[in-house]
Protein chains: 2
Amino acid sequence: MSYTNIPKPTESELEILHVLWEHGPSSVRFVNDKLNEEREIGYTTTLKLMQIMADKGLALRNTESRTHIYKAAVSEADTQKRLLQKFVDTAFRGSAVKLVMQALGNHQASPKELDEIKALIEKMESEDDDQ
Amino acid sequence: MSYTNIPKPTESELEILHVLWEHGPSSVRFVNDKLNEEREIGYTTTLKLMQIMADKGLALRNTESRTHIYKAAVSEADTQKRLLQKFVDTAFRGSAVKLVMQALGNHQASPKELDEIKALIEKMESEDDDQ
DNA sequence: TTGCTTTTACGAAGAGCTTCGTATATAATT
DNA sequence: AATTATATACGAAGCTCTTCGTAAAAGCAA
């Protein structure tokens with residue numbers, strides 16, 4: 001099977017992407033070891049997932065050496081943006097603000113982080129004023 | 001099959017919950033009509049989903065009349081909280097702040113909404129000061 | 001060289017979700 | 001009463017995702 005446009009990563013694929021994003025191009029062995037720091041998962045399971053990801057276009061692989069090296073083919077920011085878009089639609093019926101309020105209410109953020117968010121809001125507001 | 005603790009709703013189940021949350025207790029016919037305003041879906045498909053939801057504990061049904069009436073057994077806020085928790089973990093590796101920044105950056109929020117968020121942040125900051 | 005380890009390839013099982021066809025019962029219509 | 005419409009119940013197919021067993025190839029060690 002082959003894909004014309006890259007699909008959203010599944011949950012397991014996301015776990016793998018996080019390893020690739022954090023550590024750069026990696027072998028299946030390396031990724032599997034990282035995943036096993038979080039949960040138990042067989043080597044061939046990881047292998048299969050990464051092969052599927054290459055097939056889907058989520059990852060690229062270098063097959064020059066016997067040990068294939070995979071790297072992420074999608075960026076973290078873009079992927080999070082896509083996933084967030086979908087999530088806002090399905091869980092919050094499109095209301096990003098409701099999601100933001102929930103997220104701020106339920107999770108603790110440091111004073112510094114809160115200030116960052118406030119700064120972003122103020123920046124957005126000043127940009128609106130310009131129009 | 002029966003469930004001891006209520007599972008997370010799937011995407012289709014969420015669509016149905018949204019109808020129940022918005023319109024209150026409803027028949028399968030009513031829900032199916034609402035869903036069909038968004039996309040094509042067969043009546044027995046909706047029926048089956050709602051029966052499963054009742055089985056899972058996501059919905060309650062009143063079977064007194066021939067036309068069963070279903071109502072949500074989980075609240076919108078609680079459900080969104082649960083889904084958000086999971087989503088932050090999988091897509092943003094637990095960083096709610098990153099999610100908030102993305103959400104604010106990608107979706108337009110009205111000045112009024114931005115002010116609400118700012119107010120919430122300030123309230124949180126003042127609460128922190130008290131400690 | 002012979003055997004052990006590592007790696008990829010392949011296929012398939014099992015689970016969950018979505019979808020709908022068919023059967024059956026009940027109500028409404030003519 | 002006979003027909004038509006509406007409702008629930010049941011089962012199963014098709015899809016995706018996850019998981020892993022097994023086989024084959026390539027490299028390493030005794």
Side-chain angles (χ1 to χ4, degrees), chain A residues 1-3 5-19 25-36 38-71 79 83 86 90-91, chain B residues 1-19 25-36 38-71 79 83 86-87 90-91:
Chain A
M1 199 196 322
S2 182
Y3 296 79
N5 53 352
I6 300 176
K8 274 195 301 104
T10 68
E11 215 166 297
S12 297
E13 289 166 350
L14 251 186
E15 288 179 344
I16 292 171
L17 281 174
H18 277 128
V19 175
S26 309
S27 66
V28 173
R29 174 64 57 193
F30 179 84
V31 171
N32 184 249
D33 285 350
K34 286 291 166 194
L35 296 186
N36 272 277
E38 304 296 322
R39 67 185 181 97
E40 197 175 309
I41 179 171
Y43 176 83
T44 54
T45 302
T46 303
L47 169 67
K48 181 68 161 186
L49 284 171
M50 292 176 75
Q51 287 170 337
I52 291 172
M53 289 171 71
D55 190 45
K56 287 183 176 177
L58 291 168
L60 300 171
R61 71 171 165 180
N62 184 326
T63 61
E64 279 171 27
S65 57
R66 184 166 91 100
T67 302
H68 296 178
I69 301 298
Y70 291 73
K71 66 174 178 181
T79 302
L83 293 173
K86 177 72 178 285
T90 59
Chain B
M1 200 196 324
S2 182
Y3 295 80
T4 50
N5 54 351
I6 301 176
K8 274 196 303 106
T10 66
E11 214 166 300
S12 297
E13 289 166 351
L14 251 187
E15 287 179 347
I16 292 171
L17 282 175
H18 277 128
V19 174
S26 309
S27 66
V28 174
R29 175 65 57 195
F30 179 83
V31 171
N32 183 248
D33 285 351
K34 285 292 168 193
L35 295 186
N36 272 277
E38 304 297 323
R39 65 183 183 101
E40 197 175 309
I41 179 171
Y43 175 82
T44 54
T45 301
T46 304
L47 169 67
K48 182 69 161 184
L49 284 171
M50 292 176 75
Q51 288 170 336
I52 291 172
M53 288 170 72
D55 190 45
K56 287 183 178 177
L58 291 168
L60 299 170
R61 70 172 166 180
N62 184 327
T63 61
E64 282 172 23
S65 58
R66 183 166 90 100
T67 302
H68 297 179
I69 300 299
Y70 291 73
K71 68 174 177 182
T79 303
L83 294 173
K86 178 72 176 282
F87 181 72
T90 58

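Order of the sequence lines sets the chain letters (A, B, ...), proteins ahead of strands, with each chain counted from 1. Quick note: numbers below take in every heavy atom, side chains included, and nothing from hydrogens, waters or symmetry partners.
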Between [X] and [N], is there a contact of a side-chain N or O with OP1 or OP2 at under 4.0 Å?
X: Arg39(A); N: dT19(D); answer: yes
X: Lys56(B); N: dC17(C); answer: yes
X: Arg66(B); N: dA9(D); answer: no
X: Arg29(A); N: dT7(C); answer: yes
X: Gln51(A); N: dT8(C); answer: no
X: Thr45(B); N: dC20(C); answer: yes
X: Tyr43(B); N: dT8(D); answer: yes

Atom-pair distance ([atom1] on [X]; [atom2] on [N]), nearest Å:
X: Ile52(B); N: dC20(C); atom1: CD1; atom2: C1'; result: 12 Å
X: Met50(A); N: dT19(D); atom1: CE; atom2: P; result: 15 Å
X: Leu47(A); N: dC20(D); atom1: CG; atom2: P; result: 13 Å
X: His68(B); N: dT6(D); atom1: NE2; atom2: P; result: 17 Å
X: Met53(B); N: dC17(C); atom1: CE; atom2: P; result: 12 Å
X: Asn32(B); N: dT6(D); atom1: CG; atom2: C1'; result: 13 Å
X: Leu49(A); N: dT16(D); atom1: CG; atom2: C1'; result: 12 Å
X: Asn36(B); N: dT18(C); atom1: CG; atom2: P; result: 16 Å

Euclidean distance, [Y] [atom2] relative to [X] [atom1], rounded to 0.5 Å:
X: Ile16(A); Y: Leu58(A); atom1: CD1; atom2: CG; value: 10.0 Å
X: Ile41(A); Y: Lys34(A); atom1: CD1; atom2: NZ; value: 15.0 Å
X: Tyr70(B); Y: Gln51(B); atom1: OH; atom2: CD; value: 5.0 Å
X: Leu14(A); Y: Lys8(A); atom1: CG; atom2: NZ; value: 9.0 Å

(request) Please collect all salt bridge (Lys or Arg N to Asp or Glu O under 4.0 Å) contacts where either partner lies in residues 56-71 of chain A, sequence neighbours excluded, each pair once. (result)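 Pairs touching residues 56-71 of chain A that pass the test: Glu13(A)-Lys56(A).
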(request) Could you note down all residue pairs passing side-chain hydrogen bond (donor to acceptor under 3.5 Å, both in side chains) where residues 38-48 of chain A supplies at least one of them, sequence neighbours left out? (result)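 Only Glu15(A)-Arg39(A), Asn32(A)-Thr46(A) qualify under side-chain hydrogen bond (donor to acceptor under 3.5 Å, both in side chains).
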(message) Within the 4.0 Å heavy-atom criterion, would you say Thr44(B) contacts the bases, only the backbone, or no part of the nucleic acid?
(response)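 Thr44(B): base contact, heavy atoms under 4.0 Å.
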(request) Looking only at non-hydrogen atoms, find the nearest pair between Ser12(B) and Leu49(B) and report the distance. (result)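 Scanning both residues completely, I find the closest heavy atoms to be CB-CD1, 3.8 Å.
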(message) Using a strict heavy-atom distance below 4.0 Å, which residues from residues 6-15 of chain B are in contact with DNA chain C?
(response)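 Hits under 4.0 Å, by residue number: Thr10(B), Glu11(B), Ser12(B).
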(message) Between Ile69(A) and Lys48(A), which residue's closest nucleotide on DNA chain C lies nearer the 5′ terminus?
(response)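 On the 5' side of the pair lies Ile69(A).
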